[in-house]
Amino acid sequence: AVLGCALLLPVLLAGDCPSLCSCRSLGDVWGTQVDCSSRGLHSLPTLPHETRSLHLHNNSLVSIPAGALDGLGHLQELQLWDNPWHCDCHILYLKLWLQDFSAPAVARLRCASPSHLRMKPLGQLTGNDLGICKRLLPTKCLQFFWRDLILIAGVVITLILVAWALKLSKKLVRQLSLQGWRPRRYIPKIH
């Protein structure tokens with residue numbers, strides 16, 4: 001039975017492997033090594049979720065789509081050098097993702113275009129270099145932004161209402177005390 005499972009593993013792995021890449025199992029616990037280097041790729045292929053090692057160097061990648069690497073929770077090694085990175089708003093996702101993943105990885109990548117950014121390290125790009133970028137982050141990030149904004153507005157409105165209620169109650173107490181109003185004592189009737 002163990003031999004049957006061992007023979008089945010490469011077949012299952014081959015089904016998850018991108019067609020232009022080669023994949024090698026690192027074991028059930030360790031995940032998969034995906035080698036897509038030197039394949040002339042112009043776009044990122046769909047990658048197995050259990051990818052632990054990913055080689056994308058020496059291709060024709062100019063950017064990585066926003067959110068494309070987020071599902072790779074087991075990723076430990078990423079090789080991206082020797083790609084003609086186009087440093088505009090579309091590169092921002094990769095820059096921010098690499099800053100969280102590995103500082104050395106982002107330091108090694110350099111812009112190939114536009115001409116005024118040629119050879120500039122990706123890690124040194126600033127907002128001035130990229131210009132005005134709209135819809136930079138995946139939609140999920142924008143949803144969290146709006147959710148947080150609504151929560152903050154709700155808290156502010158609640159605090160304003162509480163402050164208004166306290167002010168009103170103090171004013172009411174002051175008016176009642178000026179009129180000489182005192183609460184009546186309850187005296188029980190004795191029969």
Side-chain angles (χ1 to χ4, degrees), residues 16 18 29-32 34 36 41-54 56 59-81 83-114 116-117 120-178 183:
D16 289 344
V29 177
W30 299 104
T32 305
V34 180
C36 300
L41 297 177
H42 291 279
S43 62
L44 186 70
T46 302
L47 301 165
H49 291 290
E50 63 277 351
T51 300
R52 187 171 185 92
S53 174
L54 178 58
L56 291 167
N59 278 296
S60 298
L61 298 172
V62 294
S63 68
I64 301 289
L69 301 172
D70 293 346
L72 303 178
H74 301 290
L75 193 64
Q76 295 291 315
E77 177 190 17
L78 179 60
Q79 297 178 4
L80 290 167
W81 60 84
N83 280 291
W85 301 112
H86 182 71
C87 295
D88 65 359
C89 292
H90 295 100
I91 203 72
L92 187 58
Y93 166 76
L94 179 61
K95 177 186 186 281
L96 295 174
W97 191 89
L98 283 173
Q99 285 174 338
D100 288 342
F101 178 74
S102 166
V106 74
R108 282 189 292 247
L109 300 185
R110 296 190 178 273
C111 300
S113 60
H116 70 282
L117 296 176
K120 184 165 187 169
L122 190 63
Q124 293 179 8
L125 289 176
T126 65
N128 291 334
D129 294 328
L130 297 175
I132 298 173
C133 297
K134 294 180 181 176
R135 295 284 292 193
L136 304 174
L137 301 172
T139 307
K140 289 180 185 175
C141 293
L142 293 174
Q143 288 170 349
F144 288 125
F145 168 77
W146 289 113
R147 182 201 65 191
D148 292 347
L149 188 61
I150 290 169
L151 287 173
I152 291 169
V155 168
V156 168
I157 290 170
T158 302
L159 289 175
I160 290 170
L161 290 173
V162 167
W164 179 72
L166 285 173
K167 183 178 177 182
L168 188 63
S169 66
K170 284 182 182 178
K171 189 175 179 180
L172 184 61
V173 167
R174 206 173 317 133
Q175 283 179 353
L176 290 174
S177 63
L178 287 176

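Excluded from the calculations below are hydrogen atoms, water molecules and symmetry mates; all remaining heavy atoms, backbone and side chain alike, are included. Just so it is clear, the model here is predicted, and its values are computed rather than measured.
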Might you point out which heavy atoms bring [X] and [Y] nearest each other, and give the distance in Å?
X    : Y    : result
L69  : Y93  : N-OH, 3.0 Å
S63  : I91  : CA-CD1, 4.1 Å
P114 : C87  : CD-O, 3.5 Å
D129 : K120 : OD2-NZ, 2.7 Å
H74  : H49  : CD2-O, 3.7 Å
L44  : P65  : CB-CD, 4.5 Å

So, taking the atom named [atom1] in [X] and the one named [atom2] in [Y], what distance separates them when rounded to the nearest 0.5 Å?
X    : Y    : atom1 : atom2 : answer
L78  : S53  : CG    : OG    : 8.5 Å
L47  : L56  : CG    : CG    : 7.0 Å
L92  : L125 : CG    : CG    : 9.0 Å
Q124 : L122 : CD    : CG    : 10.0 Å
N83  : L109 : CG    : CG    : 8.0 Å
L72  : R52  : CG    : CZ    : 12.5 Å

More than 12 heavy atoms from other groups under 6.0 Å of CH2 on W81:
yes
Applying side chain to side chain contact (heavy atoms under 4.5 Å, CB included) to I64 and W85, what does each step give before you reach the verdict?
CA-CA 9 Å; I64 301 289; W85 301 112; 4.1 Å; yes
Of I157, V156, V162, which is the lone residue that meets side chain to side chain contact (heavy atoms under 4.5 Å, CB included) with I160?
V156
Just by distance, do the side chain of D100 and the backbone of W97 share a donor-acceptor pair under 3.5 Å?
no
